[in-house]
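Heads up: the structure comes next, in structure tokens.
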Amino acid sequence: MPPRVVLHVDLDYFYAQCEENANPKIRGKPVVVCVYSGRTEESGAVSTCNYLARKYGVRAGVPIVRAKKLLESVDAIFLPTNRAYYEEISDRIMEILRTNADAYEKLGIDEAFLDVSSRTGNDFDLGRDIAVEIKKQVFAQEHITCSVGIGPNKVLAKIASDQTKPDGLTMVKPEETEQFLSSLPVSRIPGVGKKAEERLTQLNVSTISDLSALTPTLLIEIFGKSLGSYFYHASRGVDNEPVKEREQPTQFSRIATLKQNTREPEQILPLLTELVTSVAAKMKEEGITGKSVAIIAILTDLSIHSKSKMLESPTSETRVIENAGRQLLEEYLQQAPGANLRRVGIKVSALTKQTGQTDISKFLSG
DNA sequence: CCCTCGATCAC
DNA sequence: CCTCATATCGAGGG
């Protein structure tokens with residue numbers, strides 16, 4: 001079998017680029033899109049920023065207060081996220097991507113994998129033509145630039161798209177794999193985050209070439225069966241995961257910050273109800289019900305705890321989820337006497353798509 | 001094989 | 001000073 005031709009398309013600094021298009025006057029200035037937590041005027045963190053802001057050290061996740069300090073000497077623009085707006089734009093772009101692929105897999109609001117093996121006859125140069133065409137179409141229609149990686153599989157395509165950006169195009173042909181990967185830091189492998197990188201550093205492993213020298217046995221000992229074997233293969237540029245469209249989400253969750261730290265249900269429940277209402281509305285919109293309900297508690301020390309339970313039957317009813325949430329919260333507060341909550345969240349999982357057909361369980365039990 | 005929970009990643 | 005949403009894994013207990 002000839003190698004596949006896989007594209008990874010990454011929309012550049014997506015939220016901030018959407019904002020630049022919505023208001024061209026802010027172009028040429030640092031643009032920082034923020035999630036305001038509502039605790040104080042400026043509490044919260046950076047979601048995305050443009051490359052000009054990055055020059056000053058601003059990054060996703062940086063506290064807004066710190067970003068303002070980094071940018072105090074310049075005329076910078078700070079904006080709240082407008083997620084529904086970005087989703088509209090993303091949906092239209094994803095439609096362009098889908099029509100340019102044999103198989104399509106959306107990874108998030110701003111990235112997707114495309115398999116173009118069939119329509120290129122496994123010719124990488126034709127794959128590059130498609131990438132150029134996609135960039136052209138996306139920019140012509142939405143004025144959004146993107147960075148595209150082309151490789152024989154998903155891992156290589158994704159590492160490639162990260163290589164040159166913004167507005168980049170990087171192709172790694174199968175025979176170029178080893179040369180391309182060898183000197184890159186291990187952190188460039190998707191799935192290697194802060195923790196994995198730390199553990200690898202302890203083993204004197206810093207480049208992907210270093211990583212490829214480790215035995216699968218050792219990797220599995222350290223990282224477990226799944227991740228260990230994935231690292232073993234990824235370090236060699238091997239990845240057989242198909243490009244496969246994600247059907248439905250497997251969970252719906254919402255989380256928010258309390259006005260003040262507390263363990264008083266009277267202070268927590270109103271917010272929890274808001275979150276439940278929002279999650280239930282989204283589930284009804286999508287015609288999906290869920291059987292597992294969880295509350296998430298983030299304490300003053302930022303540690304994360306959760307408590308979940310299965311319902312009698314799947315639901316998208318606000319009151320049912322709310323009742324379960326309230327009960328879980330009370331149980332949690334009892335079992336964690338010292339817990340002081342900073343943030344609270346709700347999650348519904350074990351989802352079922354409502355088909356409109358008679359539920360088989362009713363049929364069986366009736 | 002199912003449930004619960006924490007950890008990790010990455011946005 | 002520290003947002004938000006989702007997927008996946010592994011351990012531990014049934």
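Given the structure is predicted, the values throughout are model-derived calculations rather than measurements. Numbers restart at 1 for each chain; the letters A, B, ... are given by sequence-line order, proteins then strands.
In summary, the side chains of N100(A) and E133(A) do not present any donor paired with an acceptor at a separation below 3.5 Å, with no hydrogens or angles considered. Residues E19(A) and Y86(A) have side chains that bring a donor and an acceptor to within less than 3.5 angstrom of each other. Between the side chains of D12(A) and T145(A), at least one donor-acceptor pair of N or O atoms lies under 3.5 Å.
Contact annotation: S47(A) does not reach the phosphate of dT3(C) (side-chain N/O to OP1 or OP2, under 4.0 Å). Not one side-chain nitrogen or oxygen of S306(A) sits closer than 4.0 Å to the OP1 or OP2 atom of dC5(B). Side-chain N/O atoms of T81(A) include none lying less than 4.0 angstrom from OP1 or OP2 on dC11(B). Residue H305(A) places none of its side-chain N or O atoms closer than 4.0 Å to OP1 or OP2 of dC5(B). Using a 4.0 Å cut-off, some side-chain N or O of R343(A) falls inside it from OP1 or OP2 of dT3(C). Between K307(A) and the phosphate of dC5(B), there is a side-chain N or O to OP1/OP2 separation shorter than 4.0 Å. Residue S253(A) has a polar side-chain atom (N or O) positioned under 4.0 Å from OP1 or OP2 of dT6(C).
Comparing dC1(C), dC3(B), dC2(C) by their nearest atom to the side chain of L302(A) picks out dC2(C). Taking the side chain of R246(A) as heavy atoms from C-beta on, and the options dA10(B), dA7(C), dC3(B), the nearest nucleotide is dA7(C).
Under a cutoff of 6.0 Å and an axis angle of 45°, K347(A) and F252(A) do not form a cation-pi pair. Cation-pi geometry between R236(A) and Y232(A) is met: the NZ or CZ atom falls under 6.0 Å from the ring centre, inside 45° of the normal.
More than 90° away from 0 lies the glycosidic angle of dC1(B), which makes this nucleotide anti.
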Write down the protein N/O and nucleotide N/O pairs, taken from nucleotides 9-13 of chain C, whose separation is under 3.5 Å; answer none if there are no such pairs.
{"unit_1": "dG10(C)", "atom_1": "OP1", "unit_2": "K225(A)", "atom_2": "N", "d": "3.3"}
{"unit_1": "dG10(C)", "atom_1": "OP1", "unit_2": "S226(A)", "atom_2": "N", "d": "2.9"}

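Contact annotation for G61(A): base contact, defined as any heavy-atom pair under 4.0 Å involving a base atom. Using a 4.0 Å heavy-atom criterion, one finds that E198(A) contacts no nucleic acid atom at all.
Across the strands present, dC2(B) finds its partner in dG13(C); the criterion is a Watson-Crick or G-U wobble pair with both atom distances under 3.5 angstrom.
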